[in-house]
Each structure stands twice: as structure tokens, then as C-alpha cells.
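A quick write-up on the structure given underneath.
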Amino acid sequence: MPRREDLYSDSPGGFEINLDHRKLKTPQAKLFTVPSEALAIAVATEWDSQKDTIKFYTMHLTTLCNTALDNPTQRNKTQLIRAAVKFLETDTLCYRVEDPPALAELQKNEWDPVVAWAEKRYNVTIGSSTSILGPNIPASTKETFISHLASYNMWALQGIEFVITQLKSLILSMGLIDRHITVEKAVLLSRLEEEYQIRRWGNVEWAHDYDLCELRARTAAGTLFVHLCSESSTVKHKLLQD
Amino acid sequence: MAALGAPLRTLRALLRELRLAAGRHYRDSPAYRHVLAAFRAHRVRAGPPPTAPCPALPEQPRRWAGPRGRPDRRSPQVTSEKLCRAQQELHFQAATYLCLLRSVRQHEALHREYHGKGERSPEEVAGLVGFRLPQQPGGKG
């Protein structure tokens with residue numbers, strides 16, 4: 001049984017994870033190094049929680065770190081930001097139904113306040129639409145989000161883009177990053193139509209709860225990852241240089 | 001700011017999840033120690049309030065000074081409870097980590113329950129209807 005102190009170690013380049021006297025490596029065989037001690041502790045905890053088999057599908061923080069280190073999609077900062085902001089054109093919170101009226105009402109009551117918060121917080125116009133083409137997002141709105149996201153480092157951006165693809169919403173993701181809503185709330189709002197259908201037709205545990213837990217886990221991991229990679233006081237900057 | 005509830009409740013739930021994840025030696029785990037240390041470090045201290053109070057939360061009412069107007073000296077650290085930004089950030093991080101641990105545990109439980117069993121082996125299938133597979137030490141031939 002490994003001693004607790006040996007699960008991770010501090011080095012000039014960052015924090016490394018120790019597995020049975022070997023150093024953890026990424027899928028592309030790079031040395032697994034993270035810029036934040038809290039993140040290293042959380043990753044080490046993921047590994048320490050594994051019992052007989054390594055269940056990689058539960059190790060979301062490890063996966064996010066691997067993505068940040070290997071950058072398998074080979075995207076630079078500009079491309080990542082563009083991909084993230086592009087999601088605004090198909091943002092879940094902007095696509096409204098007209099039928100059934102109960103769902104339309106639910107979307108209005110639950111989503112309008114968050115859209116309003118984003119518009120106020122970032123001083124932009126977003127709006128919503130019932131058209132199949134979606135809302136018409138002004139170029140100035142996109143520019144504002146592009147320049148805001150540019151203030152994040154590459155690691156945090158990988159996390160932000162991950163959360164956006166999970167929730168299918170830039171607005172909800174910014175709500176999380178800015179600590180305006182909790183993960184549970186963001187996931188609920190992302191899955192509003194599913195939740196509506198579940199309440200109407202009943203819950204199927206092996207499908208609905210399974211998806212719900214997985215989405216919560218991934219979203220929570222992404223959010224935590226972004227925050228831990230953004231804390232300037234505790235982060236080793238060398239790793240985060242773009 | 002997100003509606004998070006009481007920090008102490010979050011902390012307790014988070015420590016419980018860490019205990020479930022780590023097993024017997026959870027108290028020695030780096031995560032357990034880190035979380036406890038972070039919460040201790042951010043507890044409200046006695047002394048003058050911060051010069052730039054955070055706007056998010058209203059100031060808590062001062063403790064009642066007693067029937068003769070004497071200040072309550074029993075617990076100086078709660079004289080003026082303005083929660084600062086650092087505490088809010090810590091609480092949000094703790095709540096997020098709690099959500100992660102809890103959701104992973106629940107997801108794994110559901111996976112084991114519904115998706116993990118896979119197909120039955122031929123021996124199990126035969127056993128369902130009361131048969132045993134024939135022994136063929138030399139193979140099928």
C-alpha cells in the first residue's frame with residue numbers, strides 16, 4: 001500500500017503523479033505534469049480510488065490533463081476560442097420551442113434569467129429564437145466573448161471548451177466559470193427538455209440517471225479543472241505558457 | 001453568486017465522499033488533508049473587516065451585546081461575518097468537487113447495476129435450465 005505522501009511529487013516543471021514507483025505518462029508518452037498542486041491531488045485521488053480495474057471512463061480530471069498536455073486535436077489558442085464562441089450560434093438556451101406550451105413556458109422561466117445575466121455581465125445582446133436557424137448573434141457579441149476568453153490560458157481554455165461541448169451551451173458554461181450557477185443547476189438547465197419529458201412520461205434509471213450522472217461528472221470535472229488552472233497564486237506559470 | 005447553502009454542510013458531504021473513495025486510510029489522503037486545511041485557512045477571523053468588502057452577500061447582523069450592553073467575548077471569530085471572495089470561491093470549488101465525486105460514484109454504481117454484467121457464459125446459461133456442460137478433456141475432436 002503506497003504511503004499517502006508518495007501519490008504525487010513536486011518538481012520544477014510542475015506536479016507529477018507517482019504510480020507504483022513509476023511516473024504517470026500521457027497517452028502520447030509525455031511526462032504527466034500539472035501546474036497546480038490542488039489539481040495534482042485531485043488526479044492522484046482519481047488513481048487512488050481505482051480498485052481491481054482502472055476505469056478510465058470515471059477519471060475525468062486525468063483525461064482533461066492528458067488533453068491539455070497532448071493537445072491531440074492540435075488546436076492553438078485562437079482555434080480553441082473560435083470553436084468555443086461558435087457554439088453561441090447553436091446555444092441550447094437560445095433555441096426555443098413553441099410546442100408544447102408547457103415546455104415553452106418552462107424554457108422561458110428557466111432560461112431567460114440566465115441569458116439576461118450573461119447579457120448584463122458581458123454587456124452584450126444575445127436573445128433567443130423559435131426559428132430553426134436560431135438566434136442572430138451580433139458580431140460585437142462574439143467579439144466580446146472572444147476577447148474575454150483570450151484572457152484564459154491554454155489549459156483553462158481546453159477545460160472551457162470541454163464544458164461547452166458537454167452542456168451544448170456557451171452561456172451555461174460562462175455561468176459556471178463565473179460561479180453564477182452550480183454544476184447541478186447548469187446540467188438541469190442543459191437537460192431541460194429531457195427533464196420535462198421525464199416528468200411527463202416517467203424516469204428510466206438505467207438510461208436517464210446514467211446520462212445525468214455522467215453529464216454532471218464531466219461538467220463538474222471541467223469546471224473544477226478551469227478554476228484550478230486559473231488561480232494565479234497557486235499555479236506554476238511555466239507549464240501554462242501558450 | 002450560485003446558491004450553495006451552508007459551507008459546513010458542503011464540507012461534511014465532501015469529506016464523506018472522500019472517505020468513500022479512499023477507503024480505510026482516508027484521513028491520510030492528500031485530498032482529505034488539503035480540503036480540511038483550505039477550510040480552516042479561510043475561516044473568518046476576529047479583527048477588522050477587509051478594506052474592500054465583497055458586494056455579493058449582505059453583512060451578517062452583529063452578535064447581540066448582552067442585556068447590559070457588554071460585547072459577547074465567548075467567540076470572537078464570529079463578531080463580524082463578512083464572507084470574502086476567497087471564501088466564496090473555496091465554497092464553490094468544494095461544491096463542484098463534491099458534485100464530481102458524488103456523480104462519479106453514482107455513475108459507477110449505475111454502470112455496475114445495468115451495464116457491467118455482459119453476457120452470461122455458456123456454463124451459466126446451461127445452469128439456468130438445470131443442465132451442466134459435458135466435459136470434453138480432449139476437445140471436440
Side-chain angles (χ1 to χ4, degrees), chain A residues 1-8 15 37-38 40-46 48-51 53 55 57-61 175-187 204-228 230-231 233, chain B residues 1-5 10 13-15 17-39 41 54 56-57 83 85-117:
Chain A
M1 233 262 289
R3 277 179 29 235
R4 297 301 107 200
E5 299 76 28
D6 292 344
L7 292 175
Y8 71 101
F15 296 88
E37 184 169 16
I41 290 172
V43 169
T45 307
E46 275 184 350
D48 206 33
S49 310
Q50 304 305 311
K51 309 240 172 359
T53 52
K55 298 187 174 75
Y57 66 88
T58 63
M59 300 166 76
H60 304 290
L61 290 172
L176 273 174
I177 306 301
D178 292 345
R179 302 181 185 87
H180 175 66
I181 50 176
T182 62
V183 171
E184 287 89 344
K185 176 94 186 209
V187 166
V204 180
E205 196 183 49
W206 59 260
H208 293 139
D209 284 356
Y210 188 83
D211 290 343
L212 175 66
C213 290
E214 189 175 34
L215 185 57
R216 273 188 183 160
R218 288 174 176 207
T219 305
T223 306
L224 188 63
F225 183 83
V226 172
H227 288 147
L228 292 179
S230 313
E231 288 172 339
S233 57
Chain B
M1 181 61 190
L4 287 171
T10 306
L14 177 53
L15 294 179
E17 287 296 331
L18 285 171
R19 184 161 47 88
L20 290 171
R24 238 174 350 130
H25 300 271
Y26 67 94
R27 277 204 204 90
D28 295 333
S29 69
Y32 197 87
R33 289 193 299 206
H34 181 91
V35 166
L36 271 180
F39 267 77
C54 289
L57 290 177
L83 292 177
R85 177 178 233 98
Q87 280 185 318
Q88 291 174 352
E89 285 178 2
L90 173 66
H91 190 192
F92 189 90
Q93 231 174 64
T96 304
Y97 192 33
L98 166 62
C99 181
L100 171 59
L101 292 175
R102 191 187 267 160
S103 307
V104 164
R105 181 172 55 79
Q106 290 169 341
H107 181 234
E108 234 184 305
L110 284 168
H111 189 90
R112 270 197 311 273
E113 177 74 24
Y114 294 113
H115 297 262
K117 288 196 178 108

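Per chain, numbering begins at 1; letters A, B, ... match sequence-line order.
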Atom [atom1] in [X], atom [atom2] in [Y]: separation rounded to 0.5 Å?
{"X": "B:Tyr97", "Y": "A:Ile41", "atom1": "OH", "atom2": "CD1", "value": "8.5 Å"}
{"X": "A:Asp209", "Y": "B:Gln106", "atom1": "CG", "atom2": "CD", "value": "8.5 Å"}
{"X": "B:Arg105", "Y": "A:Ser49", "atom1": "CZ", "atom2": "OG", "value": "11.5 Å"}
{"X": "B:His25", "Y": "A:Asp48", "atom1": "NE2", "atom2": "CG", "value": "10.5 Å"}
{"X": "A:Glu184", "Y": "B:Thr96", "atom1": "CD", "atom2": "OG1", "value": "8.0 Å"}

Report which part of [X] has an atom under 4.5 Å of a heavy atom belonging to chain B: side chain, backbone, both, or neither.
{"X": "A:Ala40", "value": "neither"}
{"X": "A:Gln50", "value": "neither"}
{"X": "A:Lys185", "value": "neither"}
{"X": "A:Ala44", "value": "neither"}
{"X": "A:Thr182", "value": "both"}
{"X": "A:Ile181", "value": "backbone"}

Parallel, tilted or perpendicular: rings of B:His107 and A:Tyr210 (30°, 60°):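 Geometry flag for B:His107 against A:Tyr210: tilted rings.
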Identify which of [options] forms the greatest number of heavy-atom pairs closer than 4.5 Å to chain B.
{"options": "A:Arg179, A:His180, A:Met59", "result": "A:Arg179"}
{"options": "A:Lys51, A:Lys55, A:Glu46, A:Glu205", "result": "A:Glu205"}
{"options": "A:Glu214, A:His227, A:His60", "result": "A:Glu214"}

Closest heavy-atom pair and its distance - B:Leu100, A:Ala217: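 Where B:Leu100 meets A:Ala217 most closely, the heavy atoms are CD1-O, 3.3 Å.
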Heavy-atom pair with the smallest gap, counting every atom of B:Phe92 and A:Leu176: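 For B:Phe92 and A:Leu176, the tightest heavy-atom pair comes out as CZ-O, 3.7 Å.
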Toward chain A, the part of B:Ala3 with a non-hydrogen atom under 4.5 Å: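 For B:Ala3, the backbone is the part near chain A, not the side chain.
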Region of B:Leu18 that comes under 4.5 Å of a non-hydrogen atom in chain A: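 Side chain only.
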Heavy atoms of other groups near B:Arg19 CZ, more than 12 under 6.0 Å: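 Correct, the count exceeds 12.
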Steps toward side-chain contact (heavy atoms from CB on, under 4.5 Å) verdict (A:Cys213, B:Leu110): CA-CA 9 Å; A:Cys213 290; B:Leu110 284 168; 4.1 Å; yes
